[in-house]
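Sequence lines set the chain letters: A, B, ... in the order given, protein chains first and strands last, and positions in each chain run from 1. Source: prediction; values computed, not measured.
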Amino acid sequence: MLLVDGKIAEGAAATAYGWVQSIREQKTITFVILMENREPLQLVIKDKRLARKVKVHASIMVKGRVAMTERAPRGYEIHVEEISVLNKPRKIPPFDIMAKEEPSIDVRLDYRPVDLRRPSSMAVFKIRARALQLFREYLVNNGFIEVNTPKIIATASEGGSALFPVMYYDRQAFLAQSPQLYKEELTMAFERVFEIGPIFRAEQSRTMKHLSEATSLDVEAAFLSNEEIMDLIEGMVKHVIKGLNSEPQLFAALKAKPPALPERFPRFTYSEIIEKLKGLGEDIAFGDDLTQKSLEEFGNMAGGFYFITEWPAKLKPFYIMPKENGLTSSFDLMYMGLELASGGQRIHDPVMLRKSIKEHGLPVSSFKFHITPYYYGMPPHGGFGLGVDRFIMVLTDRKNIREVVLYPRDLRRLVP
RNA sequence: GCCCAGGUAGUAUAGAGGCCUAGUAUGCGGCGCUGUCACCGCCGUGACCCGGGUUCAAAUCCCGGCCUGGGCGCCA
């Protein structure tokens, strides 16, 4: 918090509240970087006795005079006349937030709020917040309404991934792995909906790109074809990246830039990719899922963003619209070897939906609640789910998904 | 779930049977220092994950435990 008498100008009286990021002490003058509202403010202290009161990480209030100077990060600094220490650290900090070498991600997470004072950590979450704002901006501008669907559910929404069981009063319930079914149902009334919220997966995964609790951006729209949905997500990704590119200062503390955008994201069919990988000597056949290794290999060739389209029905969930030859109107949005989003056109006919549930080996009875509204005029629709955390990894060039989540949850970590 | 790797001051690392009284950087404490900006210089402080074993000798080798990291698989 910064309070200035009148405008920020030479000699103006100022009061600043913040926490001390760094101290550079010299014989007669001490420079302090005070973090004030997430931005550095340089303090100049010429009184040795005053300077002694300041410690890194302390919360302080200073009173003084504004001095305009190009040598300070903001173009001005505060010449301090009075300091009150509001609170000071009681222990030696677990790591030096200004050091060039970072502690392991595990130590950082053990002291996450302290770690967030590190400029690069803070930058990641400023970018994340801005990216979410840009997502919303794009979707709202395109006629979407933001919704919230339940996270405590009665049965698996689509089979496949393992669910976390929870007790719901005297019954068994689960944490939602996806808002998939709800968002589809909502197109009936709202035409275009989106939700940004948590998803839960109880997979025994130990990787740099999986979490037990992740954030998903789910979008669903009536009347759009598979191609139009790909256009939509492509437009959305471009909007976010262009928006971030216009604010380079967000990236200053990271040695990274948002990824480059091609004119158009290339679209490869699943079959093309299988053929290509076969040509490279991969042991892979039509109908196989693409392994991590194959995706890395193909991703390196494709470079940047691209789509994989027309997946075999067997590799996609029951609600995806089938095409001829056992293929589907579906896509995955990839960045190199990393899956960012998957989506497609959905089945809107209740009879076909019922059949597809059966064919995927799922109990129709569990989906009765979901099939019911389809009998009352569900519009043709499609959409996608995008892994927000993974997208932020790409934006900030972080290799471990835990870095872009404030308090990540994985196989081992439940605290803090 | 399978496989691999690793636990050395607060943090990040070096050391691979005796050269270790365990080195370096940073932090922390002190002193010095042309408005600094990862300030700089000097001095000090502080560590071998736990339990067994092998050996004249173990941070180092072996066994077990605990903890962690990474890869694969699983996975909207």
With [X] via side-chain contact (heavy atoms from CB on, under 4.5 Å) - residues at least two apart:
X        : answer
A:Lys314 : none
A:Leu175 : A:Phe164, A:Val166, A:Phe200
A:Ser205 : A:Glu203, A:His210
A:Ala13  : A:Asp5, A:Arg65

Has the side chain of [X] got a donor or acceptor that lies under 3.5 Å from a partner of the other kind on the base of [N]?
X        : N      : value
A:Ser205 : B:rC75 : no
A:Ser216 : B:rA76 : yes
A:Asp218 : B:rA76 : yes
A:Ser342 : B:rA76 : no

Please classify the nucleic acid contact of A:Thr207 as base, sugar-phosphate, or nothing, using heavy-atom distances under 4.0 Å. base
For A:Thr30, answer base if it contacts any base atom (sugar-phosphate contacts may also be present), sugar-phosphate if it contacts only those atoms, and nothing otherwise; contact means non-hydrogen atoms under 4.0 Å. nothing
Once pairs are restricted to Watson-Crick or G-U wobble with both distances under 3.5 Å, how does RNA chain B read as a dot-bracket string, [ ] for crossings and | for other-strand pairs? (((((((..((((....[....))))((((((.......))))))...(((((..]....))))))))))))....
Suppose you measure atom [atom1] in [N] against the same atom in [M]; what distance do you get, rounded to whole Å?
N      : M      : atom1 : result
B:rU11 : B:rG27 : C1'   : 7 Å
B:rG15 : B:rC2  : C1'   : 33 Å
B:rA57 : B:rU21 : P     : 16 Å
B:rG30 : B:rG70 : C1'   : 42 Å
B:rU24 : B:rG46 : P     : 15 Å
B:rU36 : B:rC48 : C1'   : 39 Å
B:rA47 : B:rG23 : C1'   : 12 Å
B:rC66 : B:rA12 : C1'   : 23 Å

About how many Å separate CD1 of A:Ile145 and CZ of A:Phe190, when rounded to the nearest 0.5 Å? 5.5 Å
Separation of [N] [atom2] from [X] [atom1] (nearest whole Å):
X        : N      : atom1 : atom2 : value
A:Lys209 : B:rG70 : NZ    : C1'   : 12 Å
A:Asp289 : B:rC74 : CG    : P     : 7 Å
A:Leu411 : B:rG71 : CG    : C1'   : 15 Å
A:His210 : B:rG70 : NE2   : C1'   : 15 Å
A:Ile105 : B:rU11 : CD1   : C1'   : 14 Å
A:Gln204 : B:rG73 : CD    : C1'   : 12 Å
A:Leu295 : B:rG71 : CG    : P     : 15 Å
A:Asp110 : B:rU11 : CG    : P     : 10 Å

Hey, which sits more toward the 5' end of RNA chain B by its nearest nucleotide, A:His79 or A:Glu339? A:His79
Judged by nearest nucleotide, the residue sitting upstream toward the 5' end of RNA chain B, A:Glu102 or A:Lys293, is A:Glu102
Can you list, by residue number, the residues of residues 47-57 of chain A that have a non-hydrogen atom closer than 4.0 angstrom to RNA chain B? A:Arg52, A:Lys55
Determine whether more than 12 heavy atoms belonging to other residues, nucleotides or ligands lie under 6.0 Å from atom NZ of A:Lys276. no
Near A:Lys355 NZ, under 6.0 Å, is it more than 12 heavy atoms from other residues, nucleotides or ligands? no
Partner set under ring-ring contact (aromatic ring centres under 6.0 Å, His included) for A:Tyr138, not counting sequence neighbours: A:His239
Partner set under ring-ring contact (aromatic ring centres under 6.0 Å, His included) for A:His370, not counting sequence neighbours: A:Tyr374
From the list [options], which nucleotide is the closest neighbour of the side chain of [X]?
X        : options                : value
A:Met208 : B:rG35, B:rG10, B:rG71 : B:rG71
A:Arg206 : B:rC2, B:rA76, B:rC75  : B:rC2
A:Asp96  : B:rU26, B:rA76, B:rA12 : B:rU26

Which residue pairs satisfy the ring pair (Phe, Tyr, Trp, His ring centres under 6.0 Å) criterion with at least one member in residues 386-410 of chain A, sequence neighbours excluded? A:Phe135-A:Phe391
Per-nucleotide protein contact along nucleotides 36-46 of chain B, 5' to 3', at a 4.0 Å heavy-atom cut-off (B base, S sugar-phosphate only, - neither), is BBBB-------
Using a cut-off of strictly less than 4.0 Å, decide whether A:Arg412 has a side-chain nitrogen or oxygen near OP1 or OP2 of B:rG69. yes
B:rG69 phosphate, OP1 or OP2: any side-chain N/O from A:Asn400 under 4.0 angstrom? no
A:Tyr306 and A:Phe265: aromatic ring centres closer than 6.0 Å? no
Does anything in residues 323-333 of chain A form a side chain to side chain donor-acceptor pair (under 3.5 Å)? List the pairs, not counting sequence neighbours. A:Glu310-A:Lys323, A:Lys316-A:Asp332, A:Thr328-A:Ser330
Pair listing, side chain to side chain donor-acceptor pair (under 3.5 Å) test, anchored in residues 92-106 of chain A, at least two apart: A:Glu102-A:Arg108, A:Glu102-A:Ser120, A:Asp106-A:Arg413
Closer than 3.5 angstrom, by distance alone: can the side chain of A:Glu81 be matched with the main-chain N or O of A:Lys63 as a donor-acceptor pair? no
